[in-house]
Amino acid sequence: MEAVDLTHVPVVDNHCHGVTTDQAFGDVEAWRRAFTESTDPRMPREHVATTVFYRRLIRALAPFLGCEPTEDAVFAARTAREGKGLTAELLRAANIDTLLLDTGFPPPEEVFPVPELGELGGCRAEPMLRLEVLMESLLTGHDTLAATEEALAAALEDVGAGGHVALKSIAAYRTGLDIREWSREEAEASFREYRRSALKGSARLVHKPLLDTLLHVAFALAADQQVPVQFHVGYGDADTDLLLGNPLHLRAVLEAHEYRGMPVVLLHECYPYTRQGGYLAGVYENVYLDLSYGIPLLGYGEMLAFTRQALGVAPISKLVYSSDGIVVPELHWMSAIDGRRVIGEALGELVAYGEASLTEAEAAGESVLRGNAIRLYRL
Ligand SMILES: [Zn+2]
């Protein structure tokens, strides 16, 4: 079976995060923390270095940095480089066309500003707006639910003019993807509850009727403007309840006729719910499936498996590449290499099965890595 060669295709990384300006991790254990979703300090100490992902990363970084393929040698070589230089070197080697950045995390003061990251990478870089961060900032400044809704509508009146190419929601992390319609009384009660907990010092929006109600305001505006909304789905840190991370919970939102103009991007291949996400992309015209190769932190075989699942059920025009890279530039870099290789291999199988010609498979690879995102986000 011959893989389709996609090594020359520049990628549009449709979902990633900033790289922290401070790339000095002190010791290898601190660096390992960038390669786990666990917050338990015993994980980087005892277990992270044994993951297949980490082993692959070390082996890939060694020739790039010109050192032995051992963890100590790789860490020493990356530490010997200054953060800005390392970031530029890795991003440029990844051959990136555009980075779409979720600026909601890490905090903006810790990462390279969006334009600077673009300059370092020799690529275009565009920010996306995280809805829950915006909502929390508006909730602290407004006394009533109606005033908050009005302020949210004003802030999202022209998303493009505000400089954002997409919106992003982390409802999956907060109250679940089963975003519902609530009565005015329920929403008002939830607003009062939020105010009480905010007064006690917690401005975190985890109040379901309130968050759902505000999301509906955002969805209506996104649909009007046809602005894509990315949803965190599936795999994430221990904050997320993976039992509730199934994208099928989005049914009510997807069925709502008034939101059909809103492109919905299901992030992280909905791992491990890739088949469900691919199914939704096959059924709803406005649903896209993101294929992310940096995070989830997976072995090669598992990346090939989810890529096959996605290609097997979703239209190829609905698949978009990303890294979900965050904090360290290694993730953005590694993902671009792995993504091209895995997608190329999965497309090679389609050729072998007689499902595509080589020319069609090459065009499909270009679409997934770049073309579909350019169309979707109107880049
Ligand atoms: Zn992300």
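Atoms within a ligand are numbered from 1 in the order they appear, just like the ligands themselves. Since we're looking at a predicted model, the values are computed, not measured. Reckoned from all heavy atoms, side chains included, excluding hydrogens, waters and symmetry mates.
The aromatic rings of Y259 and F219 sit perpendicular, their planes meeting at an angle over 60°, well past the 30° parallel limit. Ring orientation note: the planes of F306 and Y293 are tilted relative to one another, at an angle of 30° to 60°.
Scanning all heavy atoms of the two residues, the minimum distance from R124 to L379 falls at NH1-C, 3.3 Å.
For the Zn ion (ligand 1), protein N, O or S atoms under 2.8 Å: 3 in total.
Between the side chains of D102 and H15, no donor N or O sits under 3.5 Å from an acceptor N or O. Counted by atom type alone, S322 and D324 present zero donor-acceptor pairs between their side chains at under 3.5 Å.
Using a 4.0 Å cut-off between charged side-chain N and carboxylate O, R370 and D13 make no salt bridge.
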